[in-house]
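Naming convention: chains lettered A, B, ... in sequence-line order (proteins, then strands); numbering from 1 in each chain. Bear in mind the structure is a predicted one, so any value in this text is a computation, not a measurement.
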2 protein chains.
Amino acid sequence: MHLSQLRQDFVLHFGEMGSRWGINRTVGQIYAVLFLSDEPLCADEIVEALGLSRSNISMGLKELQSWNLVRLRHKPDDRRDYFTTPEDMWEIVRTLIAERKKREIDPTLTKLRELEMAKPSADDAHAHERIAELRALIEAMTNFYDEMNQLETERLLALLNMGSKLGKFAQGAGKILPLRRKKG
Amino acid sequence: MHLSQLRQDFVLHFGEMGSRWGINRTVGQIYAVLFLSDEPLCADEIVEALGLSRSNISMGLKELQSWNLVRLRHKPDDRRDYFTTPEDMWEIVRTLIAERKKREIDPTLTKLRELEMAKPSADDAHAHERIAELRALIEAMTNFYDEMNQLETERLLALLNMGSKLGKFAQGAGKILPLRRKKG
DNA sequence: CATCCATTTCAGAAATTTCTGAAACTTCAG
DNA sequence: CTGAAGTTTCAGAAATTTCTGAAATGGATG
């Protein structure tokens with residue numbers, strides 16, 4: 001590795017966190033290198049920086065592409081692929097959320113809807129009810145997400161900064177579609 | 001397994017999703033069984049339901065406890081430990097978010113703050129800047145989360161249901177002016 | 001205390017995931 | 001075409017994670 005102390009620390013941290021984030025160590029490290037890099041890097045530069053095999057880096061970059069977390073770039077008179085991460089941090093966050101939703105939530109929502117279709121036997125009454133409740137909750141959250149994700153970053157930021165003031169606002173406004181609350 | 005078709009489908013799905021959710025197959029399956037169960041279950045009942053070893057179930061339950069995803073119960077004249085998941089689905093969501101934040105975000109926030117302390121060499125100027133930007137963004141989000149998490153579920157639900165109307169609200173939001181008539 | 005019953009621990013086995021080098025493939029230039 | 005430069009694929013090796021049975025632990029009871 002020929003990375004500065006700062007970069008190395010950051011890269012190793014991302015490597016360690018990788019597995020908790022649903023990627024692996026190598027993918028986390030590659031992302032970290034790209035995230036900090038002043039300019040786009042090609043595969044061999046990443047190999048150099050991380051001391052991992054070319055094939056591993058290649059697979060890692062594919063994985064990052066499948067997450068839409070890196071952008072492909074080209075330089076004149078150079079046929080190598082160069083990679084960067086977006087400048088805009090909020091774009092990164094949006095991507096991360098969208099991709100994790102796709103992988104961690106959407107399949108379950110599909111499954112829950114499927115399970116909810118079948119009429120439950122008497123023994124399954126309670127289970128069926130719980131499934132329905134979970135499905136409704138996930139739908140409420142993903143619908144909200146879809147709507148928030150439509151907003152421009154500017155607007156989103158304004159909401160973020162309003163923080164607890166939103167709670168006050170919600171005070172008067174609870175009338176629309178109350179979701180089922182427990183304890184009838 | 002002596003689970004109904006419905007339960008079995010649900011359990012297998014949670015097992016498959018487990019690894020994407022940062023737990024393993026067994027833990028996912030145990031959680032699924034408890035989530036659907038009409039009443040608290042003891043370890044041996046789960047062993048019975050899933051056909052896994054007693055020790056594996058024991059470790060899985062420990063893991064679920066470390067996530068605060070299950071509650072311990074006892075029955076009169078029975079010294080076994082029984083487990084349930086909370087009735088209230090929103091409590092579950094809150095726990096899930098809190099625990100994932102704790103595992104996936106807090107350590108990184110700490111690390112970023114630490115890295116940001118050191119004065120960067122000239123070469124690291126851009127890297128240092130990116131780290132600062134990421135730290136600021138994570139702080140903005142976690143502060144927002146902390147504030148939202150203070151709200152009662154009722155209030156949270158009201159916000160969820162307002163959906164895109166919040167975007168409109170963010171529009172004019174220098175002041176708080178509780179209710180301006182929409183669309184002049 | 002000894003016993004019973006339940007839970008936990010833990011070392012090794014089994015399963016899964018990650019990583020590598022070698023070969024295959026692709027594209028472009030001459 | 002042929003070769004050079006780059007990327008991808010993939011089978012097996014290496015590393016890591018999960019799972020198990022056996023033994024250890026805990027704690028209530030008589």
Who passes side chain to side chain donor-acceptor pair (under 3.5 Å) against [X], sequence neighbours left out?
X        : result
B:Gln150 : none
A:Gln5   : A:Asp9
B:Lys62  : none
B:Ser53  : B:Ser55

Honestly curious: do B:Tyr82 and B:Val33 fall in one hydrophobic cluster under the side-chain, below-4.5 Å linking rule?
-> no

Is it the case that one hydrophobic cluster holds both A:Leu34 and A:Met59, taking links as side-chain heavy atoms less than 4.5 Å apart, direct or via other members?
-> no

Could you tell me the separation between the [atom1] atom of [X] and the [atom2] atom of [N], rounded to a whole number of Å?
X       : N      : atom1 : atom2 : answer
A:Glu63 : C:dT17 : CD    : C1'   : 12 Å
B:Asp77 : D:dT29 : CG    : P     : 9 Å
A:Lys75 : D:dA5  : NZ    : C1'   : 17 Å
A:Leu50 : C:dT18 : CG    : P     : 16 Å
B:Asn24 : D:dC19 : CG    : C1'   : 9 Å

Would you mind classifying the nucleic acid contact of B:Asn56 as base, sugar-phosphate or nothing, using non-hydrogen atoms under 4.0 angstrom?
->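 Base, at least one base heavy atom under 4.0 Å.
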
Quick one: side chain to side chain contact (heavy atoms under 4.5 Å, CB included) partners of B:Arg135, sequence neighbours excluded?
->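 B:Arg135 satisfies side chain to side chain contact (heavy atoms under 4.5 Å, CB included) with B:Leu109, B:Leu112, B:Arg113, B:Glu116, B:Glu139 only.
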
Report the residues that fulfil side chain to side chain contact (heavy atoms under 4.5 Å, CB included) with B:Phe144, sequence neighbours left out, ordered by chain and then residue number.
-> A:Leu160, A:Leu166, B:Met148

Check residues 68-76 of chain B and write down every donor-acceptor pair under 3.5 Å in which the side-chain atom is one partner and the other belongs to a residue at least two apart or another chain.
residue: B:Asn68; atom: ND2; partner: B:Glu99; partner atom: OE2; Å: 3.0
residue: B:Arg71; atom: NH2; partner: B:Glu91; partner atom: OE2; Å: 2.3
residue: B:His74; atom: NE2; partner: B:Asp81; partner atom: OD1; Å: 2.8

All heavy atoms of A:Asn24 vs all of A:Thr26, minimum pair found to be OD1-N, 3.1 Å

Contact letters for nucleotides 3-8 of chain C, in which S counts primed atoms plus P, OP1 and OP2 and B counts the base, heavy atoms under 4.0 Å | -BBSBB

What does the inter-axis angle of the helix from C:dC1-D:dG30 to C:dG30-D:dC1 come out as, five pairs per end, nearest 10 degrees?
-> 10°

Between B:Arg100 and A:Glu104, does at least one N-O distance fall below 4.0 Å, as a salt bridge requires?
-> yes

Would the number of heavy atoms belonging to other residues, nucleotides or ligands and lying under 6.0 Å from CZ of A:Arg25 be above 12?
->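 No, CZ of A:Arg25 has 12 or fewer neighbouring heavy atoms, counting only those of other groups under 6.0 Å.
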
Please list, by residue number, the residues of residues 16-23 of chain A whose heavy atoms come closer than 4.0 Å to an atom of DNA chain D; answer none if no residue qualifies.
->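 Nothing qualifies; none.
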
Strictly under 3.5 Å: I want the nitrogen or oxygen pairs between protein and nucleotides 14-16 of chain D, one per line.
residue: D:dT16; atom: OP1; partner: A:Arg25; partner atom: NH2; Å: 3.4

Under the ring-ring contact (aromatic ring centres under 6.0 Å, His included) test, which residues partner B:Trp21, sequence neighbours left out?
->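 Result, ring-ring contact (aromatic ring centres under 6.0 Å, His included) vs B:Trp21: B:Phe14.
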
